[in-house]
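A short worksheet on the structure shown next.
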Number of protein chains: 2
Amino acid sequence: MATRTPRTRRRAEALSRERIIAAAVELLDTAGESGLTFRVLTERLATGPGAIYWHVANKGELLGAATDAVVADAVAVTPGGSPDSPQEGVRAVALGLFDAIEQHPWLATQLAAQLSRNPWGPVTPRIFESIGRQVRAMGVPESDWTTATSALMHYVLGAAAQNAANVEGARALGPGADRAEFLDSVSAAWEELDPDEYPFTRAAADQMRGHDDREQFLAGIDFILSGVTARPPAP
Amino acid sequence: MATRTPRTRRRAEALSRERIIAAAVELLDTAGESGLTFRVLTERLATGPGAIYWHVANKGELLGAATDAVVADAVAVTPGGSPDSPQEGVRAVALGLFDAIEQHPWLATQLAAQLSRNPWGPVTPRIFESIGRQVRAMGVPESDWTTATSALMHYVLGAAAQNAANVEGARALGPGADRAEFLDSVSAAWEELDPDEYPFTRAAADQMRGHDDREQFLAGIDFILSGVTARPPAP
DNA sequence: ACCTGAACACCGTTCAAGT
DNA sequence: ACCTGAACACCGTTCAAGT
């Protein structure tokens with residue numbers, strides 16, 4: 001936890017788009033999606049709403065910029081130079097996004113909103129590029145680049161979002177509860193489903209307990225990677 | 001387009017949770033996500049806000065119920081009995097969701113919100129079950145059920161959402177524009193990206209033009225299916 | 001060019017009161 | 001048990017006015 005913000009805030013430096021975005025990210029991290037309002041943002045920045053609107057068109061653009069800033073940071077990770085193999089490269093990018101979503105739970109919903117409402121914005125190319133480079137390096141034929149890259153991209157974002165929800169769910173259970181405890185409760189709920197309507201889900205519920213999320217996440221990536229590396233069946 | 005709603009509405013039958021949800025879906029389809037407000041909902045249902053709150057806890061629950069209703073309808077499709085193979089079964093479920101998202105564009109964002117904010121709600125098991133049954137029928141070892149099913153689920157939802165965004169994008173371009181025109185404009189924008197930062201995306205941009213979305217969507221599924229059917233590399 | 005802050009239109013939700 | 005509708009707290013956004 002960071003040190004408490006002083007009651008009265010003097011503006012440290014001139015207002016700028018960057019400072020507004022940084023404040024937005026901090027607010028999202030601290031107070032969640034519903035905590036980001038122009039009222040508290042103006043308070044934190046010691047200014048009026050009009051000043052913010054001078055630098056940013058509206059709330060949507062602000063959310064998009066906050067998302068882009070965090071994603072840019074996340075996909076930039078290749079700790080210690082280039083990866084051993086393209087497969088390792090995909091895993092590194094995937095884990096970078098996985099961790100970013102875990103640290104900024106609002107990112108999951110926001111990423112989904114960006115991809116589905118504004119897929120031609122800056123966020124999609126950023127993720128697409130960092131995964132696609134590895135796909136190309138894997139020797140996938142050019143005609144399959146887009147398909148392979150988006151299959152990986154969609155899985156990574158979806159699975160990472162699911163994981164973030166588990167973190168949040170555990171937090172909601174109480175300060176003492178950990179993730180295993182939460183997954184147990186979900187698993188228990190799924191085992192209560194109607195046996196006629198949900199036979200598979202009931203049978204699979206047990207697998208949720210005690211597995212490592214990170215390991216499971218990477219296992220899913222390996223599924224896709226092995227399908228991408230092998231030639232798909234001719235149509 | 002349906003016949004115009006008469007200016008003055010008399011309540012046809014008693015208010016019920018079902019009628020409220022149906023009105024919400026209709027409103028979302030017609031006016032989009034921002035069009036669903038309690039004001040216009042009370043107007044359409046010829047009632048007051050208190051009456052709605054008697055049947056529904058809050059707006060979030062209403063959105064969840066609307067999403068669940070449409071999803072239940074979408075995954076129920078197995079036209080003409082059982083599929084020829086489990087692989088065909090997966091494709092059928094996937095296309096059911098693909099079409100549902102195309103018909104109800106708000107579903108994409110809403111599905112993402114449900115999966116990431118409330119993954120233990122009724123929506124996730126519904127999709128998980130319908131895909132998982134096919135996975136089990138494919139002879140995937142039980143230890144891989146969860147991983148394989150969620151890899152497929154996340155890809156389907158992500159790619160379908162992307163497609164819905166393309167439909168919306170084309171619509172936003174103007175009434176005369178079709179999807180190909182819109183994809184051309186996205187492709188052109190991506191080709192303008194910085195060559196140093198986005199070499200892969202620029203090279204892949206051309207693949208976006210003139211491909212069939214449905215075919216591309218199914219190709220992605222085949223990638224995952226072929227990875228799921230083959231045993232993954234031992235860890 | 002950049003910022004102020006009161007004002008506006010609108011939203012989800014509540015609740016005392018009715019039937 | 002179910003519904004009414006005025007009222008409340010709060011939100012994003014605008015804009016005339018300042019520097």
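FYI, side chains are in, hydrogens and waters are out, and symmetry mates aren't considered; it's all heavy atoms of this structure. From a predicted model like this one, the values you see are computed outputs, not experimental measurements. Throughout, a chain's letter reflects where its sequence line sits, starting with A, and its residues are numbered from 1.
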- May I ask you to evaluate whether A:H55 reaches the phosphate of C:dC3, defined as a side-chain N or O under 4.0 Å from OP1 or OP2? yes
- Task: Using whole Å, report how far CD1 of B:I20 lies from P of C:dT13.
- Result: 13 Å
- Message: Measuring to OP1 and OP2 of D:dC2, would you say a side-chain N or O of B:W54 lies under 4.0 angstrom away?
- Response: yes
- Partner of C:dA1 by Watson-Crick or G-U wobble geometry, both contacts under 3.5 Å, or none? D:dT19
- Message: Distance check, P atoms only: D:dC2 and C:dA17, in whole angstrom units.
- Response: 22 Å
- Nucleotide D:dG5, atom P - distance to CD1 of B:I52 in whole Å: 13 Å
- Task: Tell me which nucleotide among C:dT13, C:dT4, C:dC3 gets nearest to the side chain of A:L15.
- Result: C:dC3
- Query: Is the shortest distance from a Lys or Arg side-chain nitrogen in A:R179 or A:D184 to a carboxylate oxygen in the other one below 4.0 Å?
  - Reply: no
- I would like to know whether B:R202 and B:E197 meet salt bridge (Lys or Arg N to Asp or Glu O under 4.0 Å); could you show each step before the answer? CA-CA 10 Å; B:R202 282 169 54 100; B:E197 279 194 78; over 6 Å; no
- Note on the structure: To the nearest angstrom, the CG-C1' distance between A:L45 and C:dT4 comes to 14 Å
Check: protein-nucleotides 10-12 of chain C nitrogen or oxygen pairs below 3.5 Å:
unit_1 : atom_1 : unit_2 : atom_2 : d
C:dC11 : N4     : B:R39  : NH2    : 3.3
C:dG12 : OP1    : B:K59  : NZ     : 2.6
C:dG12 : OP2    : B:F38  : N      : 3.0
C:dG12 : N7     : B:R39  : NH2    : 3.0
C:dG12 : O6     : B:R39  : NH2    : 2.7

- Message: With a 4.0 Å cut-off on N to O distance, would you call B:E181 and B:R209 a salt bridge?
- Response: no
- Note on the structure: Partner of C:dG12 under the Watson-Crick or G-U wobble criteria, both distances under 3.5 Å, comes out as D:dC8
- Rounded distance in Å - CZ (B:R19) to C1' (D:dC2): 14 Å
- Query: Cut-off 3.5 Å, side chains only: do A:E129 and B:T201 have a donor facing an acceptor?
  - Reply: yes
- From A:W190 CH2 over to A:M208 CE, what is the distance, rounded to the nearest 0.5 angstrom? 5.0 Å
- Salt bridge between A:R171 and A:D178, side-chain N to carboxylate O under 4.0 Å? no
